[in-house]
Amino acid sequence: MRVSLFITCLVDQLWSAIGVSTVEVLRRVGCEVQFDERQTCCGQPAFNTGYRSEARQLAERFVRTFEEKRC
């Protein structure tokens, strides 16, 4: 099974070992892990702090990136 992995910017910046461990677990159970290095913030922090327009732009970019990489 192929999976596309999204690592949140918070995990990437604060708890990067979680991302590494996630890949290890997925591989251990037989998954082929794809990680698109074009990933950026999904916009949630901006949305949560009231920057709706900026959040929307980030979310739209996030969706486009993952749609291009469909398994």
Side-chain angles (χ1 to χ4, degrees):
M1 174 185 300
R2 278 188 294 176
V3 296
S4 291
L5 183 61
F6 166 56
I7 300 294
T8 67
C9 56
L10 294 175
V11 167
D12 187 41
Q13 294 297 310
L14 302 175
W15 305 286
S16 59
I18 292 173
V20 172
S21 296
T22 300
V23 171
E24 290 173 359
V25 169
L26 288 168
R27 286 181 176 158
R28 191 173 305 141
V29 298
C31 294
E32 176 188 336
V33 180
Q34 297 179 338
F35 180 81
D36 192 323
E37 295 195 17
R38 297 175 301 158
Q39 288 184 41
T40 61
C41 180
C42 66
Q44 182 179 357
F47 183 84
N48 291 346
T49 55
Y51 293 92
R52 304 298 163 101
S53 175
E54 293 84 349
R56 182 182 182 110
Q57 292 172 20
L58 289 166
E60 288 172 347
R61 182 185 188 289
F62 173 84
V63 169
R64 280 192 310 272
T65 298
F66 271 82
E67 282 182 337
E68 292 172 7
K69 281 291 198 182
R70 283 194 177 162
C71 296

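If you read the sequence from its start, that first residue is 1, and numbering goes on from there.
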OG of S4 to CG of D36, rounded to nearest 0.5 Å, is 8.0 Å
Taking atom CZ as the centre, does F35 end up with more than 12 heavy-atom neighbours from other residues, nucleotides or ligands that are less than 6.0 angstrom away? yes
Compare all side-chain heavy atoms of E32 with those of V3 and state whether any distance is below 4.5 angstrom. no
Smallest separation among heavy atoms of G43 and A55, with atom names: O-CB, 3.4 Å
dist Q39:CD -> D12:CG (nearest 0.5 Å) comes out at 9.0 Å
Let me confirm one number: the CD-CD distance from Q57 to E60, rounded to the nearest 0.5 Å. 7.5 Å
Check whether V25 and V20 end up in the same hydrophobic cluster, where Ile, Leu, Val, Met, Phe, Trp and Tyr are linked by side-chain heavy atoms less than 4.5 Å apart. no
Rounded to the nearest 0.5 angstrom, the SG-CG distance for C42 and L10 is 8.5 Å
Indicate, with yes or no, if V23 and L14 share a hydrophobic cluster defined by side-chain heavy-atom contacts under 4.5 Å among Ile, Leu, Val, Met, Phe, Trp and Tyr. yes
Out of curiosity, does M1 fall in the hydrophobic cluster containing V33 (side-chain heavy atoms, cut-off under 4.5 Å, transitive links)? yes
Shortest non-hydrogen separation from R38 to T65 and the atoms involved: NH2-O, 3.6 Å
Distance col, row L26:CG vs R2:CZ, nearest 0.5 angstrom, shows 14.5 Å
Stepwise side chain to side chain contact (heavy atoms under 4.5 Å, CB included) check, Q34 with L5: CA-CA 6 Å; Q34 297 179 338; L5 183 61; over 6 Å; no
For F62, does the CZ atom have more than 12 heavy-atom neighbours from other residues, nucleotides or ligands under 6.0 Å away? yes
Should we count CD of Q44 as having more than 12 external heavy atoms under 6.0 Å? no
Donor-acceptor under 3.5 Å (R52 side chain, F47 main chain): yes
What's the spacing between R28 CZ and S21 OG if we round to 0.5 Å? 9.0 Å
